[in-house]
Amino acid sequence: MRRGKQNIQEDSIMKPHVTLAMFIAAWLMPMHVMAANEQEQAHVHAKEQAVKPQSDTKKNEEHEEHEEHNEHEGHDENDEHEHNETLSSRISDDMATAVNIVTDRADSQRLRQHQVVYGKLSADPNRISHVNARFPGILTSVKFSLGDSVKAGDVLAVVESNESLNTYTIKAPIDGVIIQRSANVGEVAQQQTLFSIADFGGLWADFRLYPSQQDAVATGQKVVIMAADTEINGVIAHIIPSLTQPYQLARVKLDNRDGKLSSGQLIEGAVISGEFNVELAVKKSAIQILDNKSGVFVKNNSEYVFSPLQLGRSDMDYVEVIAGLKPGQLYVTTNSYLLKADIEKSEAEHDD
């Protein structure tokens, strides 16, 4: 039994090409021809296999390479299809709320063309008062300190006159804040300024207009002012030429009775040069760039799909949509970069 088993193993080892040729012949030829000529065909194919093994092997290899090539092409097409599909991200509503992904409906907007200008806030000179003593004398009492708020009529100090030795009071002429004090008890009050009081309830926004901007800006134009995340609407009251600087000053009067603004604060303004309505616009904050295309993420249930847009005119906040979006569609306005990051991460993993 061991010898018979060994002979079988040796035969299979010594005649692999004959067995392969017989299998190929049986697969290619009709069954009735195979049955009639089985021994003859086996002998012929065995001979051909022995004489030209490389030719058939080459054909088989070319056939397999062709199939692999087709398979590869199909795979590339599938990859491209899957790549296009990756321009979307699925996030549950609960997760979207947790990461503050906010949506809005695409709608018509009124856009305002503008000229961007920069400047700072300054106190209104008409709201600053410098207080002196009426008659020379000794300060016997001083009531307020630097930075204190006062009302018109409040007693600031008491002075004993040098001439009459009578006392008289110095009162605040306006409401405001004491921004300077040069008065202490026991000092002599003469012609110096004892107190300076400023009313910051009204400020001026002073914007620099360089030569390239001056033709586009004029008095009476509306200005949208951004100061420390606060948006304020105003109108240019004056344009003041400068004798020593290469720019003009466009001045806008502001109401600051709520005290949210400060003199010296840096500001940015948009001088409105034209206003018009567009049928469809999206917020600039919503725009992202994927595959070198500008677009927004459109919400469809829990799926956020990137929609490339054809864009038109714009203003500070919105940009006109010419194509790529329909009125009423929900698009992401806040934290859309999170969706972009998720897609780019998926693409990177796919490439790996």
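Values below: every heavy atom of this structure, side chains too, minus hydrogens, waters and symmetry copies.
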Side-chain donor-acceptor contact under 3.5 Å, [X] with [Y]:
X: His130; Y: Ser196; value: yes
X: Asn166; Y: Ser161; value: no
X: Asp104; Y: Thr333; value: no
X: Thr140; Y: Glu160; value: no

Could you see if [X] belongs to whatever hydrophobic cluster contains [Y]? Use Ile, Leu, Val, Met, Phe, Trp, Tyr and a side-chain cutoff under 4.5 Å.
X: Leu280; Y: Val298; answer: yes
X: Phe297; Y: Ile91; answer: yes
X: Ile225; Y: Tyr247; answer: no

Would you check if the side chain of [X] reaches a backbone N or O of [Y] as a donor-acceptor pair within less than 3.5 Å?
X: Asp154; Y: Ala172; answer: no
X: Gln245; Y: Ser242; answer: no
X: Gln192; Y: Val188; answer: yes
X: Gln191; Y: Pro136; answer: no
X: Tyr331; Y: Lys283; answer: yes
X: Gln214; Y: Leu209; answer: yes
X: Glu303; Y: Asn300; answer: no
X: Glu320; Y: Gly312; answer: no
X: Asn256; Y: Lys260; answer: yes
X: Asn132; Y: Gln190; answer: no

[X] versus [Y]: any side-chain heavy-atom pair under 4.5 Å?
X: Leu339; Y: Ile101; result: yes
X: Val282; Y: Leu325; result: yes
X: His114; Y: Met316; result: yes
X: Val321; Y: Gln310; result: no
X: Ile232; Y: Leu254; result: yes
X: Leu194; Y: Ile170; result: yes
X: Ile272; Y: Val223; result: no
X: Asn184; Y: Val142; result: no

Please report the closest heavy-atom contact between [X] and [Y], naming both atoms and the distance.
X: Pro173; Y: Ser129; result: CG-OG, 3.0 Å
X: Ser122; Y: Asp206; result: OG-OD2, 2.8 Å
X: Ile178; Y: Leu146; result: O-CD1, 3.6 Å
X: Ala123; Y: Phe200; result: CB-CE2, 3.9 Å

Quick one: pull up [atom1] in [X] and [atom2] in [Y] and give me the separation to the nearest 0.5 Å.
X: Gln115; Y: Ser212; atom1: CD; atom2: OG; result: 7.0 Å
X: Ser294; Y: Phe306; atom1: OG; atom2: CZ; result: 7.0 Å
X: Asp199; Y: Asp124; atom1: CG; atom2: CG; result: 8.5 Å

Does [X] [atom1] have over 12 foreign heavy atoms under 6.0 Å away?
X: Lys284; atom1: NZ; value: yes
X: Met226; atom1: CE; value: yes
X: Glu279; atom1: CD; value: no
X: Asp258; atom1: CG; value: yes

Task: Presence of salt bridge, Asp107 and Arg105, under 4.0 angstrom - done: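 Salt bridge absent between Arg105 and Asp107.
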- [ ] Fit a plane to each ring of Trp204 and His238, take the angle between them on a 0 to 90° scale, and name the class: parallel (under 30°), tilted (30 to 60°) or perpendicular (over 60°).
- [x]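 Tilted, since the angle between the ring planes falls between 30° and 60°.
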- [ ] Would you please test Asp93 and Lys299 for salt bridge (charged side-chain N to carboxylate O under 4.0 Å, His left out) and show each step?
- [x] CA-CA 11 Å; Asp93 290 342; Lys299 187 178 188 300; 3.4 Å; yes
TODO: May I ask you to check if Arg90 and Tyr304 form a cation-pi contact, with NZ or CZ under 6.0 angstrom from the six-membered ring centre and within 45° of the axis?
DONE: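 No.
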TODO: Assess the pair Tyr168 and Phe135: is the distance between their ring centroids shorter than 6.0 Å?
DONE: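 Yes: the rings meet the under 6.0 Å criterion.
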Open item on the list: Before you tell me yes or no, could you show the steps for Asp315 and Arg112 under salt bridge (charged side-chain N to carboxylate O under 4.0 Å, His left out), namely the whole-Å CA-CA distance, both residues' side-chain angles and the distance that decides it to 0.1 Å?
Closed with: CA-CA 5 Å; Asp315 66 4; Arg112 297 182 292 185; 5.0 Å; no
Task: Check against salt bridge (charged side-chain N to carboxylate O under 4.0 Å, His left out), Arg257 and Asp255 - done: CA-CA 6 Å; Arg257 284 175 290 183; Asp255 186 342; 2.6 Å; yes
